[in-house]
Protein chains: 2
Amino acid sequence: MESAIRVLRDHGLRKTSIRIKVIDLLSSANHAVSQPDLEQQLESEADRVTIYRTLKSLEEKGVVHKILDMAGLSKYALCKDECTDHQHKDEHLHFHCQVCGNIFCLNIPGLPDYNLPAGYSIKQMHLSAEGVCVSCSKG
Amino acid sequence: MESAIRVLRDHGLRKTSIRIKVIDLLSSANHAVSQPDLEQQLESEADRVTIYRTLKSLEEKGVVHKILDMAGLSKYALCKDECTDHQHKDEHLHFHCQVCGNIFCLNIPGLPDYNLPAGYSIKQMHLSAEGVCVSCSKG
DNA sequence: ATTACAAATGCAACTCAGTTGCAGGTGCAA
DNA sequence: TTGCACCTGCAACTGAGTTGCATTTGTAAT
Ligand SMILES: [Zn+2]
Ligand SMILES: [Zn+2]
Ligand SMILES: [Zn+2]
Ligand SMILES: [Zn+2]
């Protein structure tokens, strides 16, 4: 994939073979992916610590965003909108499948405003859902 | 607090000194509490493993509900509505303070319906928010 | 092409939340 | 009071994520 190289250049990241492999794996998955997932798929092509640091760099530069699954495990998905350095603008819903455990990024119309008790100031809202995904419904 | 004993009886849990202490600590906090928090507050009054198992029992019987903080750490808060065995019905917003790190359970009017891509069936929705809490706004 | 430096990688060792197995202790109902 | 299921404490373990340091590699300037 040429696009991985373009993504790295556009976000001011050096082009390394591991970063390209990670971005390719993330873009070929239709769901969020964890470090252990990547470590297994990359077998002996990359050190486990390097994968952690790669994901951190990609997140900081706005290439991927982190989602916690129901067990607290960090999973990562490519940002669709053009996010930049520490300015993630991914306003979408994260769907957690109770069967396969996968997390899917789904588009939503837009979040409603909520009136909170005085004194609480909201910087960001997060909407998520639990249920059964398309693949698991068919099975 | 007598209420802790009543809570245990009402949810079919045996009355033990550690469970009473944990429930009292949770009810005196105005935010969600983690196992490490409890372990520190209980000092040498309870083994760390017992605290984990206590929280698990309380969650299973609908006394408390678990919330993950932004780092993936499990925190627990008392259920306000009357939840029962494995039937949590806490529909409220979890507010994560970016300053103190505390999580607050806040009431909300009710979640809107969302139209998702065909095939995804929703069992439960979760709404959360990040921002600055009351105490941290004043400071 | 060569050089030079910052940034990326690999390895080892570590931290810390959460789990499991088992022996001994406790709540509770009969 | 007795019995048994359930709870507790201890020890050992798992697995995600981090840190420090020496080595390698990407890139921009010469
Ligand atoms: Zn699924
Ligand atoms: Zn997403
Ligand atoms: Zn705060
Ligand atoms: Zn809550």
Side-chain angles (χ1 to χ4, degrees), chain A residues 2 4-25 32-61 63-76 85 101 103, chain B residues 2 4-25 32-61 63-76 85 101 103:
Chain A
E2 277 299 301
I5 295 171
R6 190 170 304 120
V7 168
L8 288 173
R9 181 161 27 81
D10 292 352
H11 289 81
L13 284 161
R14 286 160 87 150
K15 187 192 78 176
T16 73
S17 88
I18 291 173
R19 285 177 180 170
I20 293 172
K21 283 171 191 159
V22 167
I23 292 175
D24 284 347
L25 285 172
V33 174
S34 68
Q35 184 280 344
D37 292 336
L38 292 169
E39 189 178 339
Q40 191 202 325
Q41 290 175 64
L42 290 173
E43 192 74 26
S44 57
E45 301 180 61
D47 186 78
R48 51 189 300 279
V49 179
T50 303
I51 300 173
Y52 277 113
R53 291 199 264 232
T54 296
L55 290 168
K56 193 178 182 184
S57 300
L58 294 178
E59 192 195 7
E60 285 171 353
K61 293 301 170 75
V63 178
V64 304
H65 60 283
K66 188 201 288 191
I67 314 126
L68 293 175
D69 77 1
M70 291 303 175
L73 176 69
S74 294
K75 299 192 171 185
Y76 297 84
D85 298 39
I103 298 173
Chain B
E2 275 300 301
I5 294 172
R6 191 169 304 120
V7 168
L8 288 173
R9 181 161 27 82
D10 292 352
H11 288 82
L13 284 162
R14 288 159 87 151
K15 187 192 80 176
T16 72
S17 90
I18 292 173
R19 284 177 182 171
I20 293 171
K21 284 171 190 159
V22 167
I23 292 175
D24 284 348
L25 285 172
V33 175
S34 69
Q35 185 279 344
D37 291 338
L38 292 169
E39 190 178 340
Q40 189 203 327
Q41 291 174 62
L42 290 173
E43 191 72 29
S44 56
E45 301 180 62
D47 186 78
R48 51 188 301 279
V49 179
T50 302
I51 300 173
Y52 278 114
R53 292 199 263 232
T54 296
L55 291 169
K56 193 178 182 185
S57 301
L58 294 178
E59 192 195 8
E60 285 171 353
K61 292 301 170 73
V63 178
V64 303
H65 60 285
K66 187 200 288 189
I67 313 125
L68 293 175
D69 77 1
M70 292 302 174
L73 176 70
S74 294
K75 298 191 170 184
Y76 298 84
D85 298 39
I103 298 174

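Letters A, B, ... are given to chains in the order of the sequence lines, protein chains preceding strands, and every chain is numbered from 1. Treat the numbers as computed from the prediction; the structure is a model and nothing was measured.
For Arg14(B), whose side chain is taken as the heavy atoms from C-beta onward, the closest listed nucleotide among dT27(D), dC28(C), dA17(C) is dC28(C).
Test Leu68(A), Val33(A), Asp69(A) against Ser74(A) for side chain to side chain contact (heavy atoms under 4.5 Å, CB included) and you get one pass: Leu68(A). Checked options Ile103(A), Ile51(A), Leu73(A); the residue passing with Ser34(A) is Leu73(A) (criterion: side chain to side chain contact (heavy atoms under 4.5 Å, CB included)).
Within the 4.0 angstrom heavy-atom criterion, only backbone atoms of the sugar-phosphate kind lie near Thr54(A); the bases stay farther away. At the heavy-atom level, Ser74(A) lies under 4.0 Å from the strands shown only through sugar-phosphate atoms.
The nearest heavy atom of DNA chain D to Val49(B) and to Arg19(B) marks one nucleotide each, and the one closer to the 5' end goes with Arg19(B). Map Leu73(B) and Ser17(A) each onto its nearest nucleotide of DNA chain C; the residue landing nearer the 5' end is Ser17(A).
Look at CG on Asp47(A): it is 14 Å from P on dT18(D), rounded to the nearest Å. In this structure, Lys75(B) atom NZ and dC16(C) atom C1' are separated by 15 Å, rounded to whole Å. When the C1' atom of dG18(C) is taken as reference, atom CE of Met70(A) falls 19 Å away, rounded to whole Å. Computed from coordinates, the Tyr52(B) OH to dC16(C) P distance equals 12 Å when rounded to whole Å. If you measure from atom CD1 of Ile23(A) to atom P of dA8(C), you get 13 Å, rounded to the nearest angstrom. For the pair Arg9(B) CZ and dA29(C) P, the computed distance is 11 Å after rounding to whole Å. As a whole-Å value, the separation of Asp37(A) CG from dG15(D) C1' is 14 Å. Spacing between atom NZ of Lys15(B) and atom C1' of dT8(D) amounts to 17 Å, rounded to whole angstrom units.
Of the side-chain N and O atoms in Thr16(A), none sit less than 4.0 angstrom from OP1 or OP2 of dA8(C).
In terms of polar N and O atoms assigned as donor or acceptor, the side chain of Arg48(A) comes within less than 3.5 Å of the base of dG17(D) in a complementary pairing. For Arg53(B) against dG9(D), a side-chain N or O and a base N or O form a donor-acceptor pair under 3.5 Å.
Residues Arg48(A) and Gln35(A) are in side-chain contact: their nearest non-hydrogen atoms beyond the backbone lie under 4.5 Å apart. Put simply, the side chain of Thr54(A) does not reach to within 4.5 Å of the side chain of Thr16(A), judged on heavy atoms.
Between the side chain of Arg19(A) and the main chain of Arg14(A), a donor-acceptor pair closer than 3.5 Å is present.
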